[in-house]
Each structure stands twice: as structure tokens, then as C-alpha cells.
Amino acid sequence: LADGIVADLIATGFGANRRAIAASLLLRHGWAAGPIIAAYLAEGRVLRIHDYALWFTRTTFLERIWIRQADTVQHASFPDRRAALLDSLLAFSEPALNSLQAWSGYSRHALLSMLTSSWMVHFSRAGELMDCREEAVREGRIVLGRHREFARALPETYVVANGEQSEVCQILKACCLQHKGHRRRFCPTCPVIRDRDRLVLNREWVCREK
């Protein structure tokens, strides 16, 4: 595990707890699957990434993915494309998942909840760009729900509106442990906070996105 990104996560406020660091990194690795999900939704293609590199900013945001080697899996039938997408996401994420689980001791279920959360954000955002957000979110739940572990780890999703602006919000199935950092801040996606507090945070976020 690269010392630089770990140090940056600690400095940014995610804490020195290994489980919190692993959760944060899996959320970011899930963001890196954006090209796979976008190609599936936009063109019906299943992209399989074999070799890649990730670039993080000093504030730990994933800025870009450099794809060194990839190919496209072609399937004629829609159910087969869904199965191929699952295989692609697994092949892309399993090495990082296994490595971070061994390093941190955090449960596989908890770390999978980070991955599926980021994947569902991609389904939502890509669908929004194509003016089919509801259908894209539904498709994401169908695809990921076909895998037993993913189905258990999938976040709850719901829409919060502010005037004409709305966002798809989530409740994770496990805590990302961000509150272990020095800022002691809970995420609005956290499963342990009260729903009324969550809704306040959701509405604040929707207002910022407007």
C-alpha cells in the first residue's frame, strides 16, 4: 500500500485507523470504475480493464484513471451483458478488495459496501447525463443485485429534492469510519446516524449542488 496516499488520507482527516483508510480507498477505487459503468450505460459495451494507474490529488480525491490496457466484451443478449458487467467489475476490484481486507482486517462485507456505493453513484450520475437517471439507478440495482455479496452490500437509495434540483442519496450498509478522523464528522450516508439528521445533511448537500 502506497505510503503517500495513506499519509494524505490521515492528514485530510480520515484518521489513522486502518479500517477507515481501507474504507476510504475502496470508495475511491469504486469511483475508478466509472469508465466501465459509463460504457455499459451509454453504448451497451462491457469494458474490461486489465492494466491501469490511479492519480490522486493531495486532498485524496481521485482525479483520473490512466487505462494502460483494456478490451471490450461483446454480448448479443441483454442478460449476458449484465453478467459480463459483473465479471468486469469483479476483475477490476477484487485485487484491491482482497489486499485492503488483509491489510486492514475490515470485513469483506463492509468494504464491498464502499465499492457498491461508489458504483451506484456512477449509475446515477451517468444516467443523469443521459436524461435517464431513474432507469440507470434501477439498472444498477438489477445488475449488482444478481451477485449475492453485492446484493447484501448495496446501499439504500432515495431521492431528495430542493425545488427543481434533486439528488440520489444513499444509506450505506456499513460505516466508512470517517468519524474516526480528527474532524469527528459523520457522513450523511452513515447507517448509524438518525434519519432526521441524515435528511438535514442531504438537503444541505442538494443545496450546494444546485
Side-chain angles (χ1 to χ4, degrees), residues 19-20 22-42 44 46-49 62 78-101 104 106-130 132-161 166-179 186-195 197-199 201-202 205-206:
R19 294 188 303 162
S24 296
L25 284 172
L26 259 295
L27 282 167
R28 286 152 178 74
H29 196 279
W31 298 343
I36 299 173
I37 293 170
Y40 175 83
L41 288 176
V46 176
L47 182 67
R48 196 171 180 98
I49 299 175
L62 176 66
F78 201 60
D80 283 344
R81 284 207 303 271
R82 286 171 171 167
L85 177 61
L86 276 175
D87 288 343
S88 176
L89 289 170
L90 268 172
F92 180 67
S93 302
E94 193 92 45
L97 172 65
N98 291 338
S99 176
L100 285 167
Q101 183 184 7
S104 69
Y106 210 9
S107 74
R108 182 178 173 88
H109 171 71
L111 295 176
L112 277 173
S113 74
M114 306 301 126
L115 284 175
T116 56
S117 171
S118 293
W119 293 342
M120 286 304 299
V121 170
H122 279 307
F123 275 100
S124 172
R125 290 296 171 88
E128 187 172 12
L129 289 172
M130 294 185 290
C132 60
R133 187 178 69 183
E134 183 178 344
E135 293 85 348
V137 170
R138 186 183 306 118
E139 180 65 12
R141 300 198 72 88
I142 291 172
V143 171
L144 299 176
R146 290 170 56 129
H147 187 284
R148 181 176 58 83
E149 285 186 305
F150 291 169
R152 288 185 59 242
L154 267 174
E156 296 179 39
T157 53
Y158 56 98
V159 175
V160 174
S166 66
E167 296 288 344
V168 177
C169 300
Q170 297 184 357
I171 305 175
L172 271 62
K173 290 295 175 62
C175 183
C176 73
L177 304 176
Q178 186 181 134
H179 66 280
F186 284 89
C187 302
T189 60
C190 188
V192 305
I193 64 175
R194 296 178 299 181
D195 287 341
D197 295 332
R198 184 192 323 282
L199 191 56
L201 294 172
N202 289 155
W205 177 58
V206 174

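Quick note: residue numbers are just sequence positions, from 1.
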*What's the verdict on side chain to side chain contact (heavy atoms under 4.5 Å, CB included) for D87 and R48, showing C-alpha distance, side-chain angles and the deciding distance?*
CA-CA 9 Å; D87 288 343; R48 196 171 180 98; 3.9 Å; yes

*Under the salt bridge (Lys or Arg N to Asp or Glu O under 4.0 Å) rule, collect the residues that match up with R198, sequence neighbours excluded.*
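For R198 the salt bridge (Lys or Arg N to Asp or Glu O under 4.0 Å) partners, ignoring immediate neighbours, are D195.
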
Within the structure provided, determine whether [X] and [Y] are in side-chain contact (heavy-atom separation under 4.5 Å).
X	Y	answer
R28	M114	no
C176	C187	yes
L100	Y106	no
L144	L89	yes
H109	E149	no
V168	V160	no
L27	S117	yes
V159	R133	yes

Contacts of type side-chain hydrogen bond (donor to acceptor under 3.5 Å, both in side chains), residue [X], not counting sequence neighbours:
X	answer
S124	none
S118	W31
N98	R108
E134	R138

Rounded at 0.5 Å granularity, tell me how far [atom1] in [X] sits from [atom2] in [Y].
X	Y	atom1	atom2	result
L154	R141	CG	CZ	5.0 Å
H29	S99	NE2	OG	10.0 Å
L47	I36	CG	CD1	6.0 Å
L97	F92	CG	CZ	12.5 Å
C175	I193	SG	CD1	9.5 Å
S104	R19	OG	CZ	8.0 Å

Quick check: closest heavy atoms across [X] and [Y], and the distance to 0.1 Å?
X	Y	result
S107	A110	OG-N, 3.0 Å
A96	L26	O-CD2, 4.3 Å
P155	T116	CD-OG1, 3.7 Å
P188	L201	CB-CB, 3.7 Å
L115	S93	CD1-CB, 3.9 Å

*asked:* For the backbone of L85 and the side chain of S88, can you confirm whether one donor and one acceptor N or O come within less than 3.5 Å of each other?
replied: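 Here the side-chain-to-backbone pair does not exist.
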
[X]: side-chain contact (heavy atoms from CB on, under 4.5 Å) partners, not counting sequence neighbours:
X	result
A38	none
R194	R196, D197
V121	R125, Q170
A136	L41

*Ion pair check, E139 and R82, cut-off under 4.0 Å*: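 Looking at E139 and R82, the cut-off is met.
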
Under the ring pair (Phe, Tyr, Trp, His ring centres under 6.0 Å) test, which residues partner [X], sequence neighbours left out?
X	answer
F123	none
H122	none
F150	W119, H147

